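Predicted model, so just to flag it, every value in this text is computed and none were measured. The chain is numbered in sequence order, starting from 1.
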Amino acid sequence: MIQAAKDAKAILDGFGLAANGEGRASPVDGSILPGVAQSDAAGIEKAIASSVHAFQTWRAVPGPVRGELVRRLGEILRANKEPLGRLVTLESGKPLSEGLGEVQEMIDICDFAVGLSRQLYGLTIASERPDHHMREMWHPLGPVGIISAFNFPVAVWAWNAALALVCGDPVLWKPSEKTPLSAFAAEALLQKVIKDFEPAPEGLSALLIGGAAVGEALVNDTRVPLISATGSTRMGRAVGTAVAARFGRSLLELGGNAATIVTPSADLDLALRAIAFGAAGTSGQRCTTLRRLIVHNDVYDRLVSRLKSAFASISIGDPRDANNLIGPLIDSQAQDCMIRALAAARAAGGTVTGGETVRDLYVRPAIAEMQAQNDIVREETFAPILYVMRYSTFDEAVAMLRDVPQGLSSSIITRDLSEAEKFLSAKGSDCGIANVNMGPSGAEIGGAFGGEKETGGGRESGSDAWKAYMRRQTQSINYGSTLPLAQGVKFDL
């Protein structure tokens, strides 16, 4: 195959983009990818100031007109789905079908946002005062800072940007320093749309490239009222604290530690497919990756033996080859974390199957059979490690599912309606996402995405997640000639 770096350069050339020296190594084959110019303090200040200025214009543009901009973004993404998806694969290492799927997710959220641009609904409220009515209105909030992670280098930006733009907000994007090329290309497509869209002001969108200092500049700037950050719990705790200190808003999408419960009545063929993708897809580098498998004693041996065979047969290699289901980890740090986690699992009495290094950054998914849910199981390791544990009673399984700091995604495999409904009840899963007869990974944009506890509580994408990008105003109108006061208060002059 073409060397990843050459492939990436050809894609950038096709977008009309010039590289800036050398960047980081591609996880695909270690070749050095093109570089992207870093943002300095002056560039960051200029981008934020321009965003504030753009907000003065963009907030007054009618919502459906703002939606037209996002519709055009969706169209240009459709036209460039293949090269952008390939660039995502070259830079992040995810299989090409997943790279293309990520761009499709961008297209989908644009479609959602276009419809939303005509549905930014408020409420009418009955007033206790005669000749009065009340209503609730939603207004644009201001510049939105987006901090995204390497594992979904463009989709998470699109979730935020598409909604923010139709809500009347400019966007400032700080992508992961591990995946700047995909961001460079995606931002270039948006800038092309903005340039050809007359109502769009200069400064409506900006890309800020760099490390933690760039993110800190956004987080600490009072001119940026909302920070949407995706990443580790450690990062989110720092972001949330800093933003709260200045009375800003934060939308946090942080760590996950998804679990699936497999009950005695489960369809084991279905369970096998759901578990395999959930645990091994994207080399275990999704926040919704299945990390804990809680299996009833009655089906444990049958299921786990089949899982071991399935994991051993998964094709691992260059993610551009459609025959390979698993590509590389993002970097050597991720590989080291996996090695340390498996050592900790063994030290805790676990039995590990798989987990071998096939070649540098390419690893076989591991199954770690654990006697109990201990500290290493409760910790999220961003790698394809599936911790497997037994249970006897349904309540025991639910207690295990809930007994971790994170609360993003979960699922149950069962043909028992009572168990499914209990799992979905207030006494069941405590996660933001709860699935039945499927894995915990692979969310659609129509539902709000996010979780509880150390996952941060944020919600992005569908449902009413748009409200995070706007400010609510309660309005009261007196259309009479007197001035009655609420709660029967008298103040007669």
Side-chain angles (χ1 to χ4, degrees), residues 58-59 61-81 84-85 88 98-122 138-141 144 146 148-149 151-171 173 182-183 186-187 189-190 192-194 197 199-200 204-205 226 228-230 249 251-253 286-288 408-409 432-435 438 441-451 457-472:
W58 192 239
R59 66 185 178 183
V61 174
V65 178
R66 299 192 299 248
E68 172 61 15
L69 173 74
V70 176
R71 187 194 68 78
R72 295 186 188 187
L73 174 60
E75 289 303 305
I76 202 170
L77 287 170
R78 282 181 171 87
N80 291 275
K81 178 178 176 178
L84 183 56
V88 168
E98 294 190 39
L100 295 171
E102 182 164 349
V103 182
Q104 184 60 50
E105 196 164 1
M106 300 172 77
I107 295 166
D108 293 345
I109 193 63
C110 286
D111 288 349
F112 178 91
V114 173
L116 174 65
S117 69
R118 294 180 181 269
Q119 300 178 79
L120 299 173
Y121 297 139
W138 293 88
H139 295 303
L141 181 63
V144 173
I146 303 168
S148 60
N151 58 331
F152 281 86
V154 288
V156 171
W157 165 74
W159 289 0
N160 286 274
L163 297 191
L165 289 169
V166 300
C167 287
D169 304 328
V171 292
W173 181 18
S182 302
E187 176 69 15
L189 294 177
L190 175 56
K192 186 174 181 180
V193 171
I194 289 173
F197 192 69
L204 186 57
S205 179
L226 173 64
S228 178
T230 301
R249 298 188 198 175
L251 195 167
L252 302 176
E253 297 286 358
R286 291 182 178 226
C287 50
T288 55
L408 177 55
S409 191
I433 299 169
N435 299 330
M438 56 192 294
S441 197
E444 299 181 35
I445 62 93
F449 181 90
R459 292 296 186 275
E460 293 173 328
S461 195
S463 186
D464 66 348
W466 60 272
K467 292 180 179 178
Y469 306 89
M470 304 194 83
R471 60 180 178 88
R472 182 181 354 216

Of all the heavy-atom pairs spanning Pro199 and Val61, show the shortest one and how long it is. O-CG2, 4.1 Å

With sequence neighbours left out, the residues meeting side chain to side chain donor-acceptor pair (under 3.5 Å) with Ser182 are Glu91

Atom SG of Cys167 and atom CH2 of Trp138: how far apart are they, to the nearest 0.5 Å? 9.5 Å

Restricting to side-chain contact (heavy atoms from CB on, under 4.5 Å), what partner residues turn up for Ala158, sequence neighbours left out? Met106, Ile109

Give me the atom names and distance for the closest heavy-atom approach of Val70 to Leu165. CG2-CB, 4.0 Å

Determine yes or no for a side-chain-to-main-chain donor-acceptor pair under 3.5 angstrom, with Ser463 supplying the side chain and Ala448 the backbone. no

Salt bridge (charged side-chain N to carboxylate O under 4.0 Å, His left out) filter on Arg286, not counting sequence neighbours, yields Glu98

ring-ring contact (aromatic ring centres under 6.0 Å, His included) partners for Phe449, two or more places apart: Trp159

Roughly how far apart are Trp466 CH2 and Asp169 CG, rounded to 0.5 Å? 12.0 Å

Taking all non-hydrogen atoms of both residues into account, name the closest pair between Val88 and Val154 and its distance. CG2-CG2, 3.8 Å

Any side-chain heavy atom of Cys287 within less than 4.5 Å of one from Glu253? no

Among all residues two or more places apart in sequence or in another chain, which pass the side chain to side chain donor-acceptor pair (under 3.5 Å) test with Thr288? Ser441

Where is the tightest heavy-atom contact between Leu163 and Ala113, given as atom of each residue plus distance? CD2-CB, 4.1 Å

Within this structure, what is the CD1-CD1 distance for the pair Ile76 and Ile107, rounded to the nearest 0.5 Å? 11.5 Å

Atom of Asn160, atom of Ser228 and distance for their closest heavy-atom approach: OD1-OG, 2.6 Å

Using a 4.5 Å cut-off on heavy atoms from C-beta on, say whether the side chain of Glu460 contacts that of Thr230. yes

Test of understanding: with side-chain contact (heavy atoms from CB on, under 4.5 Å), list the residues that count as partners of Ala200, not counting sequence neighbours. Trp58, Ile194, Phe197, Leu204

One should read off an interatomic distance between Met470 CE and His139 NE2, to the nearest 0.5 angstrom, of 8.0 Å

Heavy-atom count check: over 12 atoms from other residues, nucleotides or ligands less than 6.0 Å from Lys192 NZ? no

Gly67 to Val114 - nearest heavy-atom pair and separation: O-CG2, 3.6 Å

Arg78: which residues meet the salt bridge (charged side-chain N to carboxylate O under 4.0 Å, His left out) condition with it, sequence neighbours left out? Glu75, Asp111

side-chain contact (heavy atoms from CB on, under 4.5 Å) partners of Ala161, counting only residues at least two apart: Ile146, Trp157, Val171

Would you say Arg66's side chain and Val166's backbone share a donor-acceptor pair under 3.5 angstrom? yes

Identify, with sequence neighbours excluded, every residue that meets salt bridge (charged side-chain N to carboxylate O under 4.0 Å, His left out) alongside Glu102. Lys94

Show the numbers, then the answer: is there a side chain to side chain donor-acceptor pair (under 3.5 Å) between Ser148 and Trp173? CA-CA 8 Å; Ser148 60; Trp173 181 18; 2.9 Å; yes

Please list, chain by chain and in numerical order, all residues satisfying salt bridge (charged side-chain N to carboxylate O under 4.0 Å, His left out) with Glu68, sequence neighbours excluded. Arg71, Arg72

Sequence neighbours excluded, which residues qualify as side chain to side chain donor-acceptor pair (under 3.5 Å) partners of Asn80? none

Sorted by chain and residue number, the side-chain contact (heavy atoms from CB on, under 4.5 Å) partners of Arg59 (sequence neighbours excluded) come out as Phe55, Gln56, Pro140

One should read off an interatomic distance between Leu141 CG and Lys467 NZ, to the nearest 0.5 angstrom, of 15.0 Å

